[in-house]
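Naming: A, B, ... by sequence-line order, numbering from 1 per chain.
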Amino acid sequence: MGTPTTQRTIKLEVFRYRPEEEDEPTFQTYEVPYREDWVVLDALNHIKDTVDGTLSYRWSCRMGVCGSCGMMVNGYPKLTCAAFLRDYYPNAIRVEPLVNFPVERDLVINMDDFMRKLKAVKPWIIRKKEQPLAEGEYRQTPAELAQYKQFSMCINCMLCYSACPVVGREEGFIGPAVLALGQRYNLDSRDQGRAQRQETIFGHEGIWECTFVGECSTVCPKDVDPAGAIQMAKVQGAMEYMKTLLPWGQRS
Amino acid sequence: MSAHTVPNPLPHSKGGRTHEPFWWSLFSAGGVVAAFVMPVLIFLTGLAGAFGWGAAQEAFTYDHIANLISNPLIKIFLFVCVSLPLFHCAHRIRHSLVDVGLGGIKTPLAVVSYLSAAVLTVFCAFVLLRI
Ligand code: SF4
Ligand code: FES
């Protein structure tokens with residue numbers, strides 16, 4: 001690729017996997033113009049638009065909201081729309097699909113398992129009985145909102161699933177974001193669905209699998225602190241368990 | 001009518017109740033002791049007592065300490081200080097061994113870890129009762 005000498009460039013080593021063409025993934029190196037204000041996603045878009053239209057990856061909002069552009073950037077889970085080239089320049093940047101997920105094609109991962117787990121925690125407000133519309137909305141004080149607000153900021157980017165070693169070795173583990181989201185609804189004063197989430201959050205594959213590595217909270221671009229949510233849930237779960245041991249306690 | 005009545009879509013691989021909260025409670029209680037009480041004890045016995053700093057010079061005579069430990073409340077205190085961190089360590093070691101790739105022998109790991117802590121706990125009680 002002939003680039004003018006005045007134009008600074010940076011190399012991207014991109015993970016390629018086209019299952020109909022190759023059995024094993026390979027790396028392909030692209031040299032792209034270096035711009036101070038470009039993020040890795042801009043570089044990928046440049047490749048796709050001008051160099052190699054076969055490259056596949058997900059993205060949408062370009063502003064850290066949609067959660068679809070997560071990839072491994074130099075081995076670290078990142079939103080590529082928030083990973084600036086200038087933080088890596090002049091070194092090459094290695095771009096790979098998020099780890100701990102099956103790869104569908106190039107940088108696109110298969111998230112079926114994540115979606116299944118997400119659904120299992122029933123991330124919506126559950127009411128024993130919906131009140132009639134005429135009675136108006138369910139109201140909440142700022143203090144009640146503060147209980148769960150942080151956990152509601154999750155954009156389902158799955159970076160925390162790539163960062164978590166337990167997700168990597170325990171297929172069934174519900175995982176950080178989904179557990180945090182379960183807490184988000186359990187802590188919501190309008191919600192009455194805790195019992196329905198009990199098995200998913202407090203069962204064998206839920207919070208107790210977590211060994212408090214804490215990487216999920218480190219990589220989270222939204223400061224959700226899933227590790228904190230899980231520890232909170234463990235305290236709750238332990239108290240409930242202890243209550244069941246009391247002679248007058250209820251075994252569920 | 002609520003539209004939110006989808007059944008739990010996860011296959012329940014392991015049914016029944018988990019006893020993990022029990023071990024986790026010992027782990028976290030042991031962590032609290034190890035983090036807050038241990039440093040104080042180490043400072044008092046390992047530094048102040050050992051080097052005879054200030055008032056520790058008189059406090060750490062044999063007679064004084066023997067007298068102190070014969071108090072049942074102090075025995076309970078020492079028992080808690082030893083046994084809870086033992087379970088803390090057992091839990092941590094068990095999970096760390098799984099983390100470094102021994103996931104295939106999870107149950108034996110758990111048994112050996114907690115059993116060691118239990119044996120040492122009994123030993124600690126035995127020693128304290130004999131004083
Ligand atoms: S908790 Fe954070 S890292 Fe995990 S999916 Fe949500 S936003 Fe992403
Ligand atoms: S493109 Fe939407 S979060 Fe990056």
Side-chain angles (χ1 to χ4, degrees), chain A residues 112-113 115-131 164-166 168-174 178 185 191-193 195-213 230-231 233-245 251-252, chain B residues 1-36 80 83-85 87-114 117-118:
Chain A
D112 291 353
D113 190 56
M115 295 309 288
R116 207 166 51 85
K117 289 168 178 169
L118 187 60
K119 220 162 147 190
V121 85
K122 306 197 176 178
W124 51 78
I125 287 176
I126 298 174
R127 301 285 300 184
K128 296 212 170 87
K129 201 168 159 288
E130 290 286 354
Q131 74 187 22
C164 174
V166 181
R169 66 172 163 72
E170 303 290 338
E171 209 186 326
F173 178 41
I174 302 297
V178 172
Y185 286 95
D191 181 83
Q192 301 168 333
Q196 294 188 44
R197 300 187 192 100
Q198 189 72 14
E199 170 72 23
T200 309
I201 300 180
F202 297 92
H204 285 284
E205 325 238 66
I207 49 174
W208 307 110
E209 292 274 17
C210 163
T211 55
F212 203 16
V213 176
I230 294 174
Q231 296 314 300
K234 280 182 183 172
V235 174
Q236 268 172 24
M239 306 272 243
E240 278 159 24
Y241 178 90
M242 292 303 166
K243 275 190 207 146
T244 65
L245 296 182
R251 285 198 62 160
S252 55
Chain B
M1 201 194 78
S2 166
H4 304 315
T5 43
V6 292
N8 190 333
L10 280 185
H12 290 212
S13 47
K14 306 175 214 163
R17 193 166 105 110
T18 169
H19 295 285
E20 207 53 42
F22 177 76
W23 302 114
W24 184 83
S25 305
L26 287 177
F27 165 76
S28 65
V32 171
V33 172
F36 294 106
V80 167
S83 73
L84 286 181
F87 281 97
H88 177 83
C89 296
H91 188 84
R92 191 78 263 179
I93 289 173
R94 167 194 167 203
H95 280 294
S96 303
L97 289 176
V98 172
D99 282 343
V100 298
L102 295 181
I105 50 165
K106 270 190 186 165
T107 311
L109 280 182
V111 172
V112 171
S113 308
Y114 297 131

What heavy-atom pair brings B:Ser25 and A:Met242 nearest, and what distance separates the two atoms? OG-CE, 3.2 Å
Can you give me the closest heavy-atom contact between A:Thr211 and B:Arg92, atom names plus distance? O-NH2, 2.9 Å
Parallel, tilted or perpendicular: ring planes of B:Phe22 versus A:Tyr241, cut at 30 and 60 degrees: tilted
d(B:His19 NE2, A:Trp208 CH2) to nearest 0.5 Å is 12.5 Å
Heavy-atom side-chain proximity of A:Ile207 to B:Glu20 below 4.5 angstrom: no
Atom CD of A:Glu171: over 12 foreign heavy atoms under 6.0 Å: no
